[in-house]
2 protein chains.
Amino acid sequence: MKEHRNISIADQIFEQLEKDILSGRYQRGEVLSELRLSKEMNVSRTPIREALLRLAQENILQESGRGMVVIGISNDDMLDMYDIRLHLEGEVARRAARNITEEQLSQLYELTDLQRFYINKQGNGSSEHTKNLDSQFHELLYTASGSKSYTDVLVRIHKKMTKYRIASISKQSRALQSNEEHMAICEALASHDTDRAEQAVLAHVRNAMNRMEHLEPIDG
Amino acid sequence: MKEHRNISIADQIFEQLEKDILSGRYQRGEVLSELRLSKEMNVSRTPIREALLRLAQENILQESGRGMVVIGISNDDMLDMYDIRLHLEGEVARRAARNITEEQLSQLYELTDLQRFYINKQGNGSSEHTKNLDSQFHELLYTASGSKSYTDVLVRIHKKMTKYRIASISKQSRALQSNEEHMAICEALASHDTDRAEQAVLAHVRNAMNRMEHLEPIDG
DNA sequence: AACCGTATGATTGTATACAATTGTAGCGTT
DNA sequence: AACGCTACAATTGTATACAATCATACGGTT
């Protein structure tokens, strides 16, 4: 633990734990002890503790007197998050159609093209790339709306969704469909047609929700 | 710093800094140094650092290479938060009208009565009480919806709003009007009429937004 | 005078030491 | 056997020590 790079150990631990919790590796109700984790990961308590604090701030963990208790998210929580997106992303799309810059627009197109490339490639780790590009696309869309508050809420939600168990994007056919919807959003934004942008984004969210609902729940 | 109580120093510092930032005491762009704050507050760097990390997780601070930079929130951010609430709280109200328990309902009534008492009292620190009861009312309303995701988003937003500069509730006449709207929400929920609950909550948010818009902005 | 290198100070990131609390197991007493 | 007390183990909260990085200022050299 001697190297001092740009990305801190605490950040890595945060990402790792967040993924492990949201993907279901840690069960709801499980208690995470700082000392145990620090031994498991061969670091001191400090970065562990910082990661746990941030996760608690996200309501992914709950500090409960003795140790941090895993809360995680359920299928119902996921459905509610889609519901929230349906209530918010229409407005975001309208604002983005009005405010998006040429540079942001070309970036969105590029992300979409690159994502299609990786989906068709289907190589090792391409699914990871695909998910990453999906996150970047949506984050940029939110940013293009020009609203910090909307972006804050939706980025938080989207981040949780992509780490939930197996992302619905993993099947190639569904990934391609999602990618086509991204392209439709790009074109709607390029036309600066607020109604069209709203419809394109809402259709995408609705379809994503349906793609997820058809996955089997893992536990009861 | 020897006492070990239930509420940690780090928590107190977090609350204090959050209030100081959102109320405008720290300017946007200002850099907060751990060492400086720890000297100012006569504690070690550890609790300061933990508070800063949590504030960064809330996007109230931004960690930018050298120290934490204050982001804070602007009037536009506030308006967007009201806009988000208008898009979400109608649905929350509908769900609460369906799911609220008798106990939650009587608690809501009690909070409303107590708030009216403090507003009329107008004693020293009664404004603090009033704001606190307002937060409790809305948090309970969100919880009554039964949705963790909705509650998470809205509690976060509401918390920020109440700490923004001077809350719009500070004038007695406005506080009384807000309190009457709370009572209307209670009665709508008691009737379990989803449409009526939605209308009551949305009217309350709209009125709160108008009450805020009429306040003067402090800086340009 | 200009330029380059080094030392120094400020700051964050990590590890460790210490204090306090809490739960529990075990033992003794009745 | 039941109850209570004590001691210990586990755990968090805080302070401090140490390492690494970065900016800056200062001094020497050409």
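Order of the sequence lines fixes the chain letters, A, B, ..., with proteins taken first and strands second; residue numbering starts at 1 for each chain.
- For B:Pro47, the side-chain atoms get nearest to D:dT14 when compared with the rest of D:dT14, C:dT11, C:dG13.
- Atom CZ of A:Arg36 and atom P of D:dT12 are 10 Å apart (whole Å).
- Distance A:Ile48 CD1 to C:dT16 P: 13 Å, rounded to the nearest Å.
- If you take CD of B:Glu34 and P of C:dG13, they are 6 Å apart, rounded to a whole angstrom.
- As a whole-Å value, the separation of A:Arg45 CZ from C:dA17 C1' is 11 Å.
- Positionally, the nearest nucleotide of DNA chain D for A:Val31 lies more toward the 5' end than for the other of B:Arg66 and A:Val31.
- Between A:Ser44 and C:dA15 there is a side-chain N or O to OP1 or OP2 distance below 4.0 Å.
- If you take CD1 of A:Ile9 and P of C:dT12, they are 18 Å apart, rounded to a whole angstrom.
- Using a 4.0 Å heavy-atom criterion, one finds that B:Thr46 contacts the bases of the nucleic acid, with or without backbone contacts as well.
- Taking only side-chain nitrogens and oxygens, A:Arg49 comes nearer than 4.0 Å to OP1 or OP2 of D:dG13.
- Between the side chains of B:Ser135 and B:Asn132, no donor-acceptor pair is found at a separation under 3.5 Å.
- Aromatic pair B:His87/A:His87: centroids not less than 6.0 angstrom apart.
- For the pair A:Met68 CE and D:dA10 C1', the interatomic distance rounds to 17 Å; values are reported in whole Å.
- Within the nucleic acid shown, A:Leu53 has no heavy atom closer than 4.0 Å to any nucleic acid atom.
- Using a distance-only test at 3.5 Å, with no hydrogens or angles considered, no donor-acceptor pair links the side chain of B:Glu91 to the main chain of B:Leu88.
- Between A:His204 and the choices A:Glu181, A:Glu89, A:Arg85, the side-chain hydrogen bond (donor to acceptor under 3.5 Å, both in side chains) rule is met once, by A:Glu181.
- We find that CG of A:Leu35 is positioned 13 Å from C1' of C:dA15, with the value rounded to whole Å.
- Across the protein-nucleic acid pair, B:Lys39 atom NZ and C:dT11 atom C1' stand 11 Å apart, rounded to whole Å.
- Remark: side-chain polar atoms of A:Ser178 are not paired, donor with acceptor, to backbone N or O of A:Arg174 under 3.5 angstrom.
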